[in-house]
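First comes the structure, then the notes that go with it.
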Amino acid sequence: MPAFQTSPGMRDILPPESGRWRRFTDVFADVVERAGYGQIVTPLLEDLGVFTRIGDATDVVTKEMYDFVDKGERHIALRPEMTASVCRAFAEHRPTVPWKVFYSGSNFRYEKPQRGRYRQFDQVGIEVLGADDAFLDVEVIALASEFYRRLGLRQVTLVVNSLGEPDDRARYVEALRAYFTAAGDRLSEASRATLERNPLRVLDSKRERDQELIAAAPQIGDFHSPEAAAHFVAVLDGLRTLDIEFTVEPKLVRGLDYYRRTIFEFQGGTLDSAQNALGGGGRYDGLVEALGGPATPGIGFALGVDRTLLACDDEGVFAAEPVELDAFVVDVTGGLQAVALTAELRAAGLAVDRGYDNRSMKAQMKLANRSGARFAVIIGDDELAAGTVVVKPMRGDGEQLAVPRSEISTHLAAHPDQN
RNA sequence: GUGGUCAUAGCUCAACAGGUAGAGCACCAGGUUGUGAUCCUGGCGGUUGGGGGUUCAAGUCCCCUUGGCCACCCCA
């Protein structure tokens, strides 16, 4: 056993999986950059206060924060999500609106790890600050939807809901509190504890015993103000116009307390996974203000990289694929020829690898085979003397042939196929 | 954080009711007189996650510990 291993909930991403991660973020960047979003990079660490604004009734803040006091006596926390950081950046720099940004990177939450849930986990996402348009909500959701399409995912379902304006939400929370409190011990003990902290969260309970009560609980829709209701209707109309399938789920409540009005979640098709939330987001008008900035509407989403990739595995799409090599140089004259030829071919724009340690031809050919390169370029004593190299196709059944050393790079460039 | 479950070679796993660890794959070498992927032969490889205990004897039983996984909590 190794003397050291990664901390709980942390892990290494090795090739070729790491290449898949990079392609994942590349595809995401392509989708959102084409829609006018620019990348934002914020610090991994922020003043703890930035995150406590998320809401002190959320588990993310109360028990999952990775916080510490630094050498300057500052109370610091590793970011548990990106939205708060983006809002802090907005309040700090005051860019012109609408401000459309995207990000990708790691977040940290001190939780008990399990499959699809890590203490360090990556997300990609977008945020738009300074626009109130219901059709912006539609655009944001559509971009996530487009991203899933680009990955090849088919079994992702979109659920939407509206939490209403802050006042609506507050009245609804009180109605829920009254309803569940009246239920007394018909509600599970665990949920009664949740009720104390955050009545909305009771709707999320997965305990059998609570399901009947939850089904009959007050509905948020009945508390929507005319403005909130109109906004929600506009969002749904927009989604229909874009042919984006969705289901309205009145019991959908997201984990962060800053959400207002539109909220949504993308769920994977895999059965029996408690970690089926691939991503989600919503409006958070008021968060910028809470962080000391001007009153500014905001909306965005974050998608979990791990979970989305897990969903890709389940659907057999967006697989990890090794980098394609054009050639693998095999040199049995000592290695100097390989160094020179490899450098030359790489300079010519080809993807080339080679063997090391002056191993036997058989050993080097095995490496060439394993590398997946299209051709093996072989240099032995005969070739060295004749000023040639042997080019051997490694796939297909083409014949190997001797090529003048000086023509090798043009030869390879002219033979993208097997012969 | 609570509960459950598992941990044997680099990987996937085996070892009857306690009797001093084995296979496949991978890797290395040879068969092949310069040429891989196939085939054959051989080799390397483990203080059975770590520590302690019971026993003549522990991979196997008990305790502690570390880590994975599952459920709850919650979320990405």
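Residue numbering restarts at 1 for every chain, and letters A, B, ... go by the order of the sequence lines. Fair warning: this is a prediction, and the values are worked out from it, not measured in the lab.
Using a 4.0 Å heavy-atom distance criterion, E265(A) is classed as making no nucleic acid contact. Using a 4.0 Å heavy-atom distance criterion, R109(A) is classed as a base contact. Note on T308(A): nothing from the nucleic acid sits closer than 4.0 angstrom, heavy atoms only. Residue-level contact check: L256(A) touches the backbone only, with heavy atoms under 4.0 Å from sugar-phosphate atoms and none from bases. Nucleic acid contact class of L384(A) (heavy atoms, under 4.0 Å, all strands): none. Nucleic acid contact for R359(A): sugar-phosphate only, since backbone atoms but no base atoms lie under 4.0 Å from a heavy atom of the residue. G355(A) comes within 4.0 angstrom of no nucleic acid atom, judged by non-hydrogen atoms across all strands. At a threshold of 4.0 angstrom between heavy atoms, the contacts of D122(A) with the nucleic acid are absent. Counting any heavy atom pair closer than 4.0 Å across all strands shown, E81(A) reaches no nucleic acid atom.
Side-chain atoms of D353(A) and S371(A) include no donor-acceptor pair closer than 3.5 Å. Between the side chains of H231(A) and D137(A), at least one donor N or O sits under 3.5 Å from an acceptor N or O. A donor-acceptor contact closer than 3.5 angstrom is absent between the side chains of T194(A) and S191(A). The closest side-chain donor-acceptor pair between S409(A) and E344(A), if any, does not fall under 3.5 angstrom.
Using a 4.5 Å heavy-atom cutoff, the side chains of I76(A) and L48(A) are not in contact.
Set against G36(B), U35(B), C74(B), the side chain of I378(A) has U35(B) as its closest nucleotide. Comparing atom distances between the V332(A) side chain and each of A76(B), G34(B), C73(B) picks out G34(B) as nearest. Closest to the side chain of R307(A), from the set U35(B), G68(B), A76(B), is A76(B). Closest to the side chain of K366(A), from the set U35(B), C69(B), A37(B), is A37(B). Which of G36(B), A76(B), G67(B) sits closest to the side chain of Q5(A) comes down to G67(B).
Taking 4.0 angstrom as the limit, S7(A) places none of its side-chain polar atoms (N or O) nearer than this to OP1 or OP2 of G67(B). Distances shorter than 4.0 Å separate none of the side-chain N or O atoms of R117(A) from OP1 or OP2 on C70(B). Between R370(A) and the phosphate of A26(B), there is no side-chain N or O to OP1/OP2 separation shorter than 4.0 Å.
The salt bridge (charged side-chain N to carboxylate O under 4.0 Å, His left out) test with D313(A) singles out one residue from R20(A), R115(A), R307(A), and that residue is R20(A).
Atom CG in L153(A) sits about 18 Å away from atom P in A76(B), given to the nearest Å. In this entry the distance linking CZ of F328(A) with P of U35(B) reads 16 Å, nearest Å. Put simply, CG on N276(A) is 13 Å from P on C70(B), counting in whole angstrom units. Per the geometry, CD belonging to Q114(A) stands 16 Å off P belonging to G4(B), to the nearest Å. Counting to the nearest Å, the P atom of G31(B) and the CE atom of M361(A) are 14 Å from each other. Remark: P of C74(B) and CZ of R119(A) are 18 Å apart, rounded to the nearest angstrom. For the pair K362(A) NZ and U38(B) P, the interatomic distance rounds to 10 Å; values are reported in whole Å. The CE atom of M365(A) sits 18 Å away from the P atom of U32(B) (whole-angstrom rounding).
Taking atom C1' on both G50(B) and U8(B), the two are 14 Å apart, rounded to the nearest angstrom. Between the P atoms of A21(B) and A58(B), the separation comes to 12 Å (whole Å). Rounded to whole Å, the C1' atom of C13(B) lies 32 Å from the corresponding atom of C56(B). With both ends at atom P, the span from G18(B) to C62(B) equals 11 Å, rounded to whole Å.
Nearest-nucleotide positions on RNA chain B for S205(A) and K112(A) put K112(A) closer to the 5' end. The residue among G279(A) and T6(A) whose nearest nucleotide of RNA chain B is located toward the 5' end is T6(A).
F318(A) carries R23(A) over the face of its six-membered ring, with the cationic atom under 6.0 Å from the centre and within 45° of the normal.
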E92(A)/R88(A) under salt bridge (Lys or Arg N to Asp or Glu O under 4.0 Å): CA gap, chis, key distance, verdict: CA-CA 6 Å; E92(A) 186 170 335; R88(A) 190 230 79 231; 3.1 Å; yes
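For the ring pair (Phe, Tyr, Trp, His ring centres under 6.0 Å) test, residues two or more places apart in sequence or in another chain that qualify with Y66(A) are Y110(A).
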Paired and unpaired positions of RNA chain B as dot-bracket, Watson-Crick or G-U wobble under 3.5 Å, | denoting a partner strand: (((((((..((((........)))).(((((.......))))).....(((((.......))))))))))))....
